[in-house]
Amino acid sequence: VEADPVNAAALLLKAKALNSNNKTAQAIPILEAHPEANSGGDVTNMLVDYQLRAGQADKAAQLSRRMLALGHSHYGLLYKVTETLLEGGQAKAALPLLQELRGPMIEAGEQDKFLKSLTAASERLPGDTEPLEMLADFCRTTSDPFRLNDALGQLSDAYANAGNFPRAEELLQELADRNKDDERIV
């Protein structure tokens, strides 16, 4: 690296060696200087992994967004950041990323993965209406009546518990309108 500071193979080797020695934060700037850091390939994936491992989720999200701008098929890195945040107990921070991922993941045919993450976020934020609103809206868009009924019920309860009775009533009315033939709901 000292003899040829832009040698891609040497930069990659040095970054991997630092990471192996639990010096991931020191490996990140080296990978950022790699000529393929923003190509969307293996080096980009490794850089996002290292950033997440080092607790740099914001930087990982920024890089992942740049890759997502290349097209919906590049949703994977931002999804990885989102899943890491959810698993790390940072569901509130994952919500904006999920919002960004909605369209690209639908286009990529990954509605089930998106729904799984959105459901996990709503479960980790009990009583929070934002993920439930996102869930209900997603179910309306994808025509998923079973999950929509559940989301509308939970959302109505959350608004009622928060004292927003007009919104809770609105949601209950939507639920009743969608299920006119179901005696349990009407």
Side-chain angles (χ1 to χ4, degrees), residues 24 45 47-69 72-186:
T24 304
N45 290 336
L47 180 53
V48 169
D49 284 341
Y50 286 10
Q51 288 169 333
L52 291 172
R53 196 171 300 139
Q56 299 176 5
D58 288 340
K59 284 179 81 172
Q62 285 177 332
L63 177 56
S64 299
R65 282 184 183 106
R66 288 197 304 270
M67 296 305 103
L68 183 59
H72 69 269
S73 62
H74 297 275
Y75 76 88
L77 285 175
L78 194 57
Y79 184 73
K80 180 188 292 189
V81 174
T82 304
E83 285 294 293
T84 300
L85 289 172
L86 286 171
E87 290 166 8
Q90 299 178 55
K92 196 69 169 170
L95 288 179
L97 302 181
L98 281 169
Q99 193 69 12
E100 291 177 53
L101 284 166
R102 177 185 162 151
M105 287 186 79
I106 289 173
E107 288 178 45
E110 295 291 356
Q111 297 92 323
D112 290 341
K113 284 173 82 172
F114 179 81
L115 185 61
K116 176 184 157 272
S117 296
L118 188 52
T119 301
S122 67
E123 289 169 355
R124 287 175 174 89
L125 296 167
D128 191 328
T129 57
E130 184 181 7
L132 291 171
E133 284 282 6
M134 290 172 61
L135 184 60
D137 186 54
F138 180 76
C139 292
R140 284 184 198 104
T141 302
T142 58
S143 300
D144 188 340
F146 175 73
R147 287 190 178 102
L148 178 56
N149 287 343
D150 187 44
L152 290 173
Q154 289 180 43
L155 191 53
S156 175
D157 290 344
Y159 276 116
N161 291 336
N164 188 343
F165 299 110
R167 180 68 177 136
E169 187 176 332
E170 220 177 273
L171 292 162
L172 286 176
Q173 186 60 51
E174 180 182 349
L175 185 61
D177 290 346
R178 290 181 169 279
N179 298 280
K180 290 182 185 204
D181 297 330
D182 191 339
E183 295 175 4
R184 296 172 297 153
I185 294 178
V186 196

Enquirer: Show your reasoning for whether side chain to side chain contact (heavy atoms under 4.5 Å, CB included) applies to L135 and R147.
Expert: CA-CA 9 Å; L135 184 60; R147 287 190 178 102; 5.8 Å; no
Enquirer: Can you tell me how far the NE2 atom of H74 sits from the CE atom of M67, to the nearest 0.5 Å?
Expert: 8.5 Å
Enquirer: Are more than 12 heavy atoms from other residues, nucleotides or ligands located less than 6.0 Å from atom CG of D137?
Expert: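 Result for CG/D137: enclosed.
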Enquirer: Could you measure the distance from the CG atom of L101 to the OG atom of S117? Nearest 0.5 Å is fine.
Expert: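 Between atom CG of L101 and atom OG of S117 there are 8.0 Å.
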Enquirer: May I have the step-by-step check of side chain to side chain contact (heavy atoms under 4.5 Å, CB included) for T142 and L148, ending in yes or no?
Expert: CA-CA 10 Å; T142 58; L148 178 56; over 6 Å; no
Enquirer: Apply ring-ring contact (aromatic ring centres under 6.0 Å, His included) to Y79 and list each qualifying residue two or more places apart in sequence or on a separate chain.
Expert: none
Enquirer: Mind listing the closest non-hydrogen atom pair of L52 and A57 along with its distance?
Expert: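 For L52 versus A57, the nearest heavy atoms are CD2-CA, 4.1 Å.
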Enquirer: Write down the atom of G127, the atom of A158, and the distance for their closest heavy-atom approach.
Expert: O-CB, 4.0 Å
Enquirer: So, the side chain of S122 versus the backbone of T119: is there a donor-acceptor pair under 3.5 Å, distance only?
Expert: yes
Enquirer: Evaluate the side chain to side chain contact (heavy atoms under 4.5 Å, CB included) criterion for residues M105 and H72: first the C-alpha distance (whole Å), next the side-chain angles of each, then the deciding distance (0.1 Å), finally the verdict.
Expert: CA-CA 7 Å; M105 287 186 79; H72 69 269; over 6 Å; no
Enquirer: To the nearest 0.5 Å, tell me how far S64 OG sits from L77 CG.
Expert: 4.5 Å
Enquirer: With side chain to side chain contact (heavy atoms under 4.5 Å, CB included) as the criterion, how do Q154 and D150 come out once you've worked through the C-alpha distance, each side chain's angles and the decisive distance to 0.1 Å?
Expert: CA-CA 6 Å; Q154 289 180 43; D150 187 44; 2.9 Å; yes
Enquirer: Once rounded to the nearest 0.5 Å, what's the spacing between atom OG1 of T84 and atom CD of E87?
Expert: 6.0 Å
Enquirer: Please table the atom pairs, donor to acceptor, closer than 3.5 Å between any side-chain atom in residues 161-175 and protein atoms at least two apart or in another chain.
Expert:
from, atom 1, to, atom 2, distance (Å)
N161, ND2, D157, O, 3.2
N164, OD1, R167, N, 3.2
R167, NE, E133, OE2, 3.3
R167, NH1, E170, OE2, 2.7
R167, NH2, E133, OE1, 3.1
R167, NH2, E133, OE2, 2.9
Q173, NE2, D177, OD1, 2.8
E174, OE1, R140, NH2, 3.0
E174, OE2, R140, NE, 2.8
E174, OE2, R140, NH2, 3.4
E174, OE2, R178, NE, 3.1

Enquirer: Of all heavy-atom pairs between P96 and A93, which one has the smallest distance, and what is that distance?
Expert: CD-O, 3.3 Å
Enquirer: Look up atom CG in L95 and atom CD in E100, then write down how far apart they are to the nearest 0.5 Å.
Expert: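 So the CG of L95 and the CD of E100 are separated by 11.5 Å.
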Enquirer: Just so I know, are the side chains of R65 and L97 near enough to count as touching, which here means a heavy-atom distance under 4.5 Å?
Expert: yes
Enquirer: Checking F114 now: which residues fulfil ring-ring contact (aromatic ring centres under 6.0 Å, His included) with it, not counting sequence neighbours?
Expert: F138
Enquirer: State the CG-OG1 distance between L78 and T82, to the nearest 0.5 angstrom.
Expert: 4.5 Å
Enquirer: If I compare all heavy atoms of L152 with all of A136, which pair ends up nearest, and what's the gap?
Expert: CD2-CB, 4.3 Å
Enquirer: Taking R124 for the side chain and L86 for the main chain, is one N or O donor matched with an acceptor at less than 3.5 Å?
Expert: yes
Enquirer: Mind listing the closest non-hydrogen atom pair of L155 and L132 along with its distance?
Expert: CD1-CB, 3.5 Å
Enquirer: Show your working on salt bridge (Lys or Arg N to Asp or Glu O under 4.0 Å) between K113 and E83 and close with a plain yes or no.
Expert: CA-CA 10 Å; K113 284 173 82 172; E83 285 294 293; over 6 Å; no
